[in-house]
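Below, chain A is the first sequence line, B the second, and so on; all start at residue 1.
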Amino acid sequence: MTSSDPITESLAWPRPDLLDDLDRLRRKAPLVHCITNAVVTNFTANVLLAVGASPAMVVTTEEVEEFVGIADALLINVGTITSSDAEAMLRAASAADRTNTPWVLDPVAVGVLAYRTAIVEKLAGFRPTVIRGNASEILALNGLSGGARGVDATVSSDEALPAAVELARSTKAVVALSGKVDYVTDGVDVISVEGGNEIMTKVTGTGCTLGALIAAFLPVTGSPLRAAAAASAIYASVGERAAWKAHGPGSFAVAFLDRLSTIGLQ
Amino acid sequence: MTSSDPITESLAWPRPDLLDDLDRLRRKAPLVHCITNAVVTNFTANVLLAVGASPAMVVTTEEVEEFVGIADALLINVGTITSSDAEAMLRAASAADRTNTPWVLDPVAVGVLAYRTAIVEKLAGFRPTVIRGNASEILALNGLSGGARGVDATVSSDEALPAAVELARSTKAVVALSGKVDYVTDGVDVISVEGGNEIMTKVTGTGCTLGALIAAFLPVTGSPLRAAAAASAIYASVGERAAWKAHGPGSFAVAFLDRLSTIGLQ
Amino acid sequence: MTSSDPITESLAWPRPDLLDDLDRLRRKAPLVHCITNAVVTNFTANVLLAVGASPAMVVTTEEVEEFVGIADALLINVGTITSSDAEAMLRAASAADRTNTPWVLDPVAVGVLAYRTAIVEKLAGFRPTVIRGNASEILALNGLSGGARGVDATVSSDEALPAAVELARSTKAVVALSGKVDYVTDGVDVISVEGGNEIMTKVTGTGCTLGALIAAFLPVTGSPLRAAAAASAIYASVGERAAWKAHGPGSFAVAFLDRLSTIGLQ
């Protein structure tokens, strides 16, 4: 991190305002329209149900625009994109932009493969409310937006923070940068979230489902920055607690869903 | 429920005839051809394996007709339908109709989105053996069949029972209506099944996999009404027991598969 | 087994050379490109993460050739093949052949359905490094390659061993034949692996994910025969241990991932 990107706030569960956000989410049970990757479809639905949201995976070009009009929020994750997915994603993103439906873009592996990079660039043009990615993805996407180019899988979230701030400024999206420390920024404020556990890197979809959780918070918090920060803080806390209970990645995923369904209720 | 739809029978596990049905299923290990949604594919296969059936997900237009001729039963669930899925589903349903292969139609979100509603209407024309849905779906599908229109996500299975009876009469299918109380009807008799647990609404696919379980029972019971009722009663019992063991939706799904693999064996 | 296919070696965990293979895998964290079936996508990713590899499911025709050039190994599993999958698989296999990227072919249900049988025959032409299948699949594939025809779902791996040896000779691939006893052969040597547990047949994807594990070992062992044998031996050991902990197929899958993440580390 550079001195030009000061941490405005360091957020951690529990806090009264986070409890309020979570309580609002559970009372509203927002309908979250997910067009996500094939690896995490089931886990994403279960994460959203566990926290109290209503997931709906509607993915075909014939239906996505109609469903964006019904949903409270949209998630687009390009992890296992196919050409028919791409068409559906572009239509859904365009519909979200037109109807002011808040939406999250998760640009998995942008910058690594030419096809998805071109699709992500188009998707980013439909004004995502939040962009969520790891350091490599945020650096790559910022590069496409005219910032410094560079993709390094080993780069830390600290090192990618200036790119996240720059990307937030150029796209007007809130950027949620995942890593050992998570950062959330709207280009002005930077909120840091510590926590989570190393084991989360050994279970597929922990990043992808954080994107879904952010989408679920968008319709219930006052601001996208708040939504992304709340989701990240709750995710980190749930991950930490689940890790205590787990004997490995299998039991971690089970404990994660269990804990997510009760956090803030006891 | 109205007085014109009397409950003929109230079914609950354990009962000797249900034990017989389950035992027959385990000895036959019916091959269940599933064309189901992307969210529940894995869970559906595991539910069928746990109970003792043989799942096979064969989904491409080039193969579905050939495979319907091999399978003992077919499940079609339109949850995440795409246009290529739709073509495969129509071919499979048509083949099942021609070859008298028993099959279950799960019309997820029919009435909510125009595209799938049109496909479901065509699928219903291929004489499904059983139609399984929640109250909203049964009301919507009955509306398409000329009954009273109405879709209300908050409607109870009690309120939708007259529509279920009407739909069974007009389609000649057995209708399995899921809710706090499950109802199964062939348009004459109505069997009610109580049980299950609220937590089942927090795990994705509990309804969808009930459809698969009904399909597994179709080739081993004397009648579709019996198959749907047996599957519902076993499902409710397994759900209840699994809920005792669970600390949340993650451990519930694990306990559900464990229990399903041993119910009736001890 | 016939006397012309002597068992050269009987392999079981633990053994110092297997520990070395596993240690090398964990240090390298090979990037395994998976084009696999819809039922096991999530479980496959979690198995690869648990053992210490890096899974990536890149499946669209526009991206597979580019990604084969990046990946350390490739897995192609035709379980739920569609026509667009077929095109992607053929391009990926061809790219792997051109670039000498080691790859595993899992010909699920070859010989049962005409469409996939034709695709598998084409895929087999791109010189897979390893072919993994059950007895029926190996017999069917060997039949296509000019050996004796015959598909019998109830045939044992012992009975299919001569076909496995013949297939290895005609294709120059290592053949990994799964069953109560697993056999791995390059057409000259035959390595047998005992172990595992009956419950593995009640969880979807245990065979399919063995194919992924073999792919993960290909870039880190000296030979494909060694890679397939190491993966099979580790799989059998993990399956046995997980079965001790499990109360059914649900908790087995959880314990399997947990154990896979720690085997060899304590």
Inset, instruction - Working to the nearest 0.5 Å, report the span between CG of C:Leu113 and CD of B:Glu66. - result: 4.5 Å
Inset, instruction - Write out, in numerical order, the residues from residues 231-238 of chain B with a heavy atom short of 4.5 Å from a heavy atom in chain C. - result: none
Legend entry - Exercise: identify the closest heavy-atom pair between B:Ser261 and C:Gly248: OG-CA, 4.0 Å
Inset, instruction - Measure C:Val254 against the heavy atoms of chain B and call it side chain, backbone, both or neither at under 4.5 Å. - result: side chain
Inset, instruction - Against chain C, label B:Ile70 side chain, backbone, both or neither, depending on which of its atoms sit under 4.5 Å from a heavy atom there. - result: side chain
Inset, instruction - Please round to the nearest 0.5 Å and tell me the distance separating atom CD of B:Glu63 and atom OG1 of C:Thr117. - result: 8.0 Å
Inset, instruction - Among the options C:Ala86, C:Ser84, C:Ala114, pick out the one with the most heavy-atom pairs lying under 4.5 Å from chain B. - result: C:Ala114
Inset, instruction - Measure the spacing between CG of B:Leu260 and NZ of C:Lys202 and express it to the nearest 0.5 Å. - result: 10.5 Å
Legend entry - Result of checking B:Thr82, B:Asp85, B:Val59 against C:Thr82 for side-chain contact (heavy atoms from CB on, under 4.5 Å): B:Val59
Legend entry - Contact listing (chain C partner; residues 23-49 of chain B; heavy atom under 4.5 Å): B:Thr41, B:Asn42, B:Ala45, B:Asn46, B:Leu49
Inset, instruction - Nearest 0.5 Å please: distance from the CZ atom of C:Arg116 over to the OG1 atom of B:Thr60. - result: 9.0 Å
